[in-house]
Amino acid sequence: MSFKDILVYVDSTGASRLRLQVALTLAGRFDARLSGLHVIPKPDVPPYFKPSVVERVAKIYSQNAKVAAAQAETLFREETRAGGITSTWECTAGDMEELIAERARFADLLVLGQFDTENPPTISSFLLPAKVVFGSAAPILVIPNTGKFGDAGRHPLIAWDGSREAARAISDALPLLKGAEKVSLLSIDPLRQGHMHDGTHLSEIVAHLARHGVVATAKEIALVAPRVTNDLLEHASRIGADLLVMGAYGHSRVWEFVVGGTTQDLLEKTTIPVLMSR
């Protein structure tokens, strides 16, 4: 198993260059095709505008979105100009989350940016990773808005809770895990997770990884901070992990996921890339 088709969402923000550079590095590492995608969203005029000016405001929003799309394409072509990899570009219009998820069905990995509160929805989307994960068949690699992540994946930390989603994330991350210099696995309060009858079977998941040629060091800890997020990120920082691998909640917990669950909380706070699957 390998990543042979990588899709990266590109916008006109500074953070977009960071995620594009990570995607380029991964494409080179796996000899993959890199596809850049930008979606021009439909103008969404806030209701506080007077009806008489709605059309004019919508036109301004549309013009700004087209400028942002042109800037995104320029960025993609600048970063891929050096050559060495096969790359394609697509710009389309419509529902951002829907179209990204649709295009990701033809990719092995989707690279997105972290939650973005600094830019308007004509450029980026605050809940983009949370929404796309439910429609995407590919695992999603979320890159923080600031930092240096060019060679991410040399020391992944796997968040293991025994769930189907966590198992899927491990399977999807195998190309990165096999090439890692060190792999760590963390389970937080396994008996409270409730996904398996008698804990999370750390020894079994470690043995499973070993059969794939991945040597993992596992650790089990009790929950210390009010949220699992804080313990995960603190542990990742302590051991020097440069990538977090985790499962995202399924449809049965979609509301918790979108409005304040562990996954969203982590994506807001993380300072290292996160690979998630569901």
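No hydrogens, no waters, no symmetry mates; every other heavy atom, side chains included, goes into these values.
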In sequence, state the C-alpha distance, the side-chain angles, and the governing distance for I140 and S277, and then conclude on side chain to side chain contact (heavy atoms under 4.5 Å, CB included). CA-CA 6 Å; I140 296 176; S277 298; over 6 Å; no
Sole candidate of V22, D108, V111 that passes side-chain contact (heavy atoms from CB on, under 4.5 Å) when paired with I6: V111
Rounded distance [0.5 Å steps], [atom1] in [X] versus [atom2] in [Y]:
X	Y	atom1	atom2	result
R17	D11	CZ	CG	11.5 Å
L185	T217	CG	OG1	9.5 Å
Q71	T13	CD	OG1	10.5 Å
L243	I272	CG	CD1	6.5 Å
F3	D31	CZ	CG	14.5 Å
E234	D231	CD	CG	6.5 Å

Report the residues that fulfil side chain to side chain contact (heavy atoms under 4.5 Å, CB included) with L37, sequence neighbours left out, ordered by chain and then residue number.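 With neighbours one apart ignored, the set is L7, Y9, V39, E90, T92, I100, R103.
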Which residues pass the side chain to side chain contact (heavy atoms under 4.5 Å, CB included) test with R81, sequence neighbours left out? E78
Going by atom type alone, with no hydrogens or angles, which donor-acceptor pairs under 3.5 Å involve a side-chain atom of residues 206-216 and a protein atom two or more places apart or on another chain?
none

Side-chain touch [X]/[Y], heavy atoms, less than 4.5 angstrom:
X	Y	value
W160	I170	yes
I158	L186	no
C91	I40	yes
L24	T80	yes
S184	L157	yes
V8	R19	yes
D151	R29	yes

Donor-acceptor check, side chain of [X] to backbone of [Y], threshold 3.5 angstrom: yes or no?
X	Y	answer
T25	Q21	yes
T270	L266	no
Q114	L267	yes
H38	V10	yes

If every non-hydrogen atom of [X] is compared with every non-hydrogen atom of [Y], which pair is closest and at what distance?
X	Y	value
A173	L275	CB-CD2, 4.0 Å
L18	N145	CD1-O, 3.2 Å
A27	L34	CB-CB, 4.2 Å
A69	W89	O-CZ2, 4.5 Å
G153	A180	O-CB, 3.5 Å
A169	M246	CB-O, 3.2 Å

Quick check on K178: does its NZ atom have over 12 non-hydrogen neighbours (other residues, nucleotides or ligands) under 6.0 Å away? yes
Verify the neighbour count for atom NZ of K4: are there more than 12 heavy atoms of other residues, nucleotides or ligands below 6.0 Å? yes
So does K182 pair up with D242, basic N to acidic O under 4.0 Å? no
Using side chain to side chain contact (heavy atoms under 4.5 Å, CB included), reason through F149 and I143 one step at a time and then give a plain yes or no. CA-CA 8 Å; F149 316 106; I143 308 300; 3.7 Å; yes
If hydrophobic clusters are built by linking Ile, Leu, Val, Met, Phe, Trp and Tyr wherever their side-chain heavy atoms come under 4.5 Å apart, do [X] and [Y] end up in the same one?
X	Y	result
L244	I221	yes
F106	L110	no
V67	F76	no

side-chain hydrogen bond (donor to acceptor under 3.5 Å, both in side chains) partner of R33, the single match among T86, T88, D5: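 Exactly one candidate clears the test, D5.
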Applying side chain to side chain contact (heavy atoms under 4.5 Å, CB included), run through I188 and E220 and close with a yes or a no. CA-CA 6 Å; I188 301 175; E220 184 181 304; over 6 Å; no
Kindly determine whether R238 and L233 satisfy side chain to side chain contact (heavy atoms under 4.5 Å, CB included), including the steps that lead there. CA-CA 9 Å; R238 188 184 308 124; L233 294 179; over 6 Å; no
